[in-house]
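What follows is a single structure, written as structure tokens, with notes after it.
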Amino acid sequence: MTGEEMHALVERLYPLCRSITGDGVRATLDIVGEHLELAVHEVPTGTEVLDWTVPKEWNIRDAYIKDASGARVVDFRRSNLHVVGYSVPVDAVMTLEELRPHLHTLPEQPELVPYRTSYYARTWGFCLSQRTLDGMGEGPYEVVIDSTLADGHLTYAEHVVPGLSEEEVLISCHVCHPSLANDNLAGIAVATALARRLTGRLGRPRLTYRFLFAPGTIGAITWLARNRERAGRVRHGLTLACAGDPGRLTYKRSRRDDAEIDRAVTHVLADRPHDVLPFSPYGYDERQFCSPGFNLPVGSLTRTPYAGYPEYHTSGDNPDFVTPAALSDTLETLWQVTRVLEGNRSYLNLSPYGEPQLGRRGLYGSLGGRSDTKQAQMAMLWVLNLSDGEHSLLDIAQRAHMPFAALEDAARALSAAGLVKEIA
Amino acid sequence: MTGEEMHALVERLYPLCRSITGDGVRATLDIVGEHLELAVHEVPTGTEVLDWTVPKEWNIRDAYIKDASGARVVDFRRSNLHVVGYSVPVDAVMTLEELRPHLHTLPEQPELVPYRTSYYARTWGFCLSQRTLDGMGEGPYEVVIDSTLADGHLTYAEHVVPGLSEEEVLISCHVCHPSLANDNLAGIAVATALARRLTGRLGRPRLTYRFLFAPGTIGAITWLARNRERAGRVRHGLTLACAGDPGRLTYKRSRRDDAEIDRAVTHVLADRPHDVLPFSPYGYDERQFCSPGFNLPVGSLTRTPYAGYPEYHTSGDNPDFVTPAALSDTLETLWQVTRVLEGNRSYLNLSPYGEPQLGRRGLYGSLGGRSDTKQAQMAMLWVLNLSDGEHSLLDIAQRAHMPFAALEDAARALSAAGLVKEIA
Amino acid sequence: MTGEEMHALVERLYPLCRSITGDGVRATLDIVGEHLELAVHEVPTGTEVLDWTVPKEWNIRDAYIKDASGARVVDFRRSNLHVVGYSVPVDAVMTLEELRPHLHTLPEQPELVPYRTSYYARTWGFCLSQRTLDGMGEGPYEVVIDSTLADGHLTYAEHVVPGLSEEEVLISCHVCHPSLANDNLAGIAVATALARRLTGRLGRPRLTYRFLFAPGTIGAITWLARNRERAGRVRHGLTLACAGDPGRLTYKRSRRDDAEIDRAVTHVLADRPHDVLPFSPYGYDERQFCSPGFNLPVGSLTRTPYAGYPEYHTSGDNPDFVTPAALSDTLETLWQVTRVLEGNRSYLNLSPYGEPQLGRRGLYGSLGGRSDTKQAQMAMLWVLNLSDGEHSLLDIAQRAHMPFAALEDAARALSAAGLVKEIA
């Protein structure tokens, strides 16, 4: 998928009213399912998942605040951000004074509507711009939220690209946010594109890739509860979010701090403008994957990280905030990361005493004395020097400050010449 | 004790003529004893202590250089710095020429009188300002030091705040300097105030606190010689000196470099202007406590470190150089350090698979979507994430860059909710 | 040898036409042999050495490109750089067009003649300045290389300074470059001077010093092949090259990164302008010594490193580029390194509880209170504090940031006083 195709997917998903449960999630997965074969899971309300319980399912048809003239001052049909997520139904006539405790605005960003939820406390509310609030009279107002909160299901989906090995790479993105483009329709779009590319290219990968599209927190917890054994197969993982804003890429390390995924991503990022953050137990679902009982090697890849841009969790995070170029850049970066994970092997130098004579094997430029040594030759020298059973190609790439692909090519050439053999 | 009360103690102790033995030390301990219950130890001259021997006791009644007119050009009664510590008696008439080898000045600081001692070489001398020396004629002069150097005792004192555990925190300050305010009446005053606060507040502490008021070097060596077994109970220690000048706090690490005391002090200092120095085998009595046979985890807390200010070891180090605010700041810092040492425990997360649902237990704000996460919630997430049996609260505070107290509060709340249990 | 004497040696060696084999190497070793007793080794063509085979021996009498007027446009007798090393014989008449694929120039440095070789591909060629090439007409030219490539020998030499121990220090310098002064006549000259000084001074050294004068790559490989057992005795090693240019000293770490030689050299360099580079598997013969099968603790000492100066591998690297002062500075630095290697022992503090009383033993200034503590006293305190069986004098010098010699003196004094004893 091109950046434009990913952007088109973001735009198509944007109007849907997602939450941690409900038909908005199902509609989202239906659309993703047009691009990928998805296994959709429905987990009943009340199911115990780790320390949590699957909540009631929330759906909403309409909501508004109507003034005496009958005009909808706040209208769910214009933006689903206007209703606090998981609001219980309400149908009342209230003055502004009575309504005010249920109204959420951003006084510092008076044009923007905030995003608010209340999943586990039974309440209701509206989000609106400070400008709209400032224009509202004393009332009375007709206040309606036509929602249901009832036994149902939590919905999540998986797409698996089977590999030669059962060892898995987990790519997880949250699907619970309503009309917020960067957070996280961009993540969904990039994950979809990556899954397609992994399927389409280069034959069966070495590792198995599992894409998880699940609501934040409760979705990851549900998946972990139902896949405790499979979790042990996760060798590398990333949560993917805020993947389309124009800011630079940001990697947040796993709790392990120096897992292979941490080294792979930071190595790939080294050539681009980027930030690396230490692990912290807040953020996206790496919180769950990196809880101490699981301690999976899962980092988080974003562009500008959560809460790092003014549009974060507001109506300003709309499809205009997300660019095809940024989506594409995130995808290419992730693709490079998969190239490292796929290709990261260890070799043993079979001729470890002195340098083997590369020239005789056609592996070395024959005219000596020149001071420009080609990258391919340096890569061969590095692979030979460090292939002592204790260094993988990624280790060597990091120490040599060379592109991973150059070392992979060198190892392949040396292997073909019988100078090294793969050991892991 | 307030900063003003500590400063008053400094002023009261200032005129006494202390040395490594003698009545000046006893008078000093008498005054400290008005604030704290002290166990005063008298160790006879000739006692072998480690590689050393307790020296003869030195006392002095008077000393002067009198000119032909009978005027005291240099007068011990004006400042006890005028006599080289441990000077043997002298009563002679000498020309300036003869006297000169016994005179010590600071040509670069012509108004100040230096501080000099000669504990282990039998000699005598006077310290005076360069300005005074420059005004002295050829003489002759009457030169008198009315001192005694005779069998007696070395005097030191201890104050113990008993804790629930026999593990000890050692706070040591030297009491051997005569009229020098920052070095080390300030240290004595802050130690006194800390001991009082530890007794007065919060009930019996977890750890036992031992305050040692002893002459430098020989006093610490004497204590170590008489407490070889007890030294093994010292879990944390600090030498306290130069505690009242207006400069910023300085911590010198223990020989172990990363002992708990090193981490506790540097964590507390992180929020204030400060310096951290590596261990070196010079300075205060950490030299003795950190000798390789003992290798105790003892660092050194000062404000401007020794020899780091022009007034160091001169008559310029008088009570005006020491401020109530600085004394108070040192005390509060030390108090925070004791809070860390007292509170540093390890917990085990009893719900380590995924995050436990804090909201259900009233431990988490219920309105989601907001980007400002409160420190208390972050502290709970950190404690949960790292309470895996391998991290103490101080470890967590350092990794989270959060105040220790916030993590202690979080651990307490999580423990009350049954989510973690204390393991050490 | 003085800097001037080393420079004179460079000048004398400069005209000889060295290569990886042949009479130029023998003539070079003859001249070095006037200064040092050398064991010269001749290894027959065809001998298998590790993964390599000793090549045919190359010798050359004359070579030129003569124009129609009979003038030598390019003349081996003016500079041996004019012929590509290991050129096979040629005797032909050719147009410039035909000749051009065999001509090497430096278009960016039009006045300079490049240095090129083709040891393992049978070909021939001339190197000349771009300026000369630009002045050449269409031809025809008489093209002659009067060389022989035939069975013979590879020649290298060793000089050994026997020590009390069989543990060896390997100093290796390549002798295969023709008229290039810094790379590596300077290295040869400094190695020669160091060997003489080690023999001349201070009696038999503790360690055995082996100086290896061998052609690059194949020479080191030949030595390693014939000395596999002896290689295991190499405790420290350096390749020495580019030792005479006016740039600052550069140390490239061994593959082990923190071997004693790495710490010794970086400690000695700490007081001078210098650079330290990480290991990489390119450069001089540390490539061979640090191949993973041997992994010897061999670093590389140069001034400006290879390819780091515009004169590198050109006719600009002539004796004027090398200065007596730089040669002397490299020698003195190396000498200091040998002082560290010779003197690096470990001691055990026999009085480890508290500080021993240095004053009583005449080891400490007697007048206390002064803030300037002499380096000698600090050195004694450091040696006492860290002589716990886990730190060598070099470890202590690094931690104390003090000159190694000061710690050696301190250890000697403490040992004489019975306070420490040597343990390794």
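Quick note on labels: first sequence line is chain A, next is B, and so on, each numbered from 1.
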Surrounding CD of B/E166 (heavy atoms of other residues, nucleotides or ligands, distance under 6.0 Å), is the total greater than 12? no
For residues A/S291 and B/G354, report the shortest heavy-atom separation together with the two atoms involved. OG-N, 2.7 Å
When you look at B/Y353 and A/Q288, which way does the side-chain contact (heavy atoms from CB on, under 4.5 Å) test go after all the steps? CA-CA 8 Å; B/Y353 292 95; A/Q288 309 307 328; over 6 Å; no
Please check if the number of heavy atoms outside B/R360 that lie under 6.0 Å from its CZ is greater than 12. yes
Closest heavy-atom pair, A/I221 versus B/E355, reported as atoms and distance to 0.1 Å, is CD1-O, 4.0 Å
What are the two closest heavy atoms between B/N385 and A/F279, and how far apart are they? OD1-CE2, 3.4 Å
Contacting region of B/L384 [heavy-atom separation from chain A under 4.5 Å]: backbone
Toward chain B, the part of A/Y86 with a non-hydrogen atom under 4.5 Å: neither
Are B/P356 and A/W52 close enough that some pair of their side-chain heavy atoms sits under 4.5 Å apart? no
Return the minimal non-hydrogen interatomic distance between B/D388 and A/P292, and the atom names on each side. CB-CB, 4.2 Å
Honestly, the part of A/R255 sitting under 4.5 Å from a heavy atom of chain B is both
Check against side-chain contact (heavy atoms from CB on, under 4.5 Å), B/Q357 and A/T217: CA-CA 10 Å; B/Q357 196 180 2; A/T217 306; over 6 Å; no
side-chain contact (heavy atoms from CB on, under 4.5 Å) between B/M378 and A/Y282, intermediate numbers included: CA-CA 7 Å; B/M378 280 308 295; A/Y282 196 70; 3.6 Å; yes
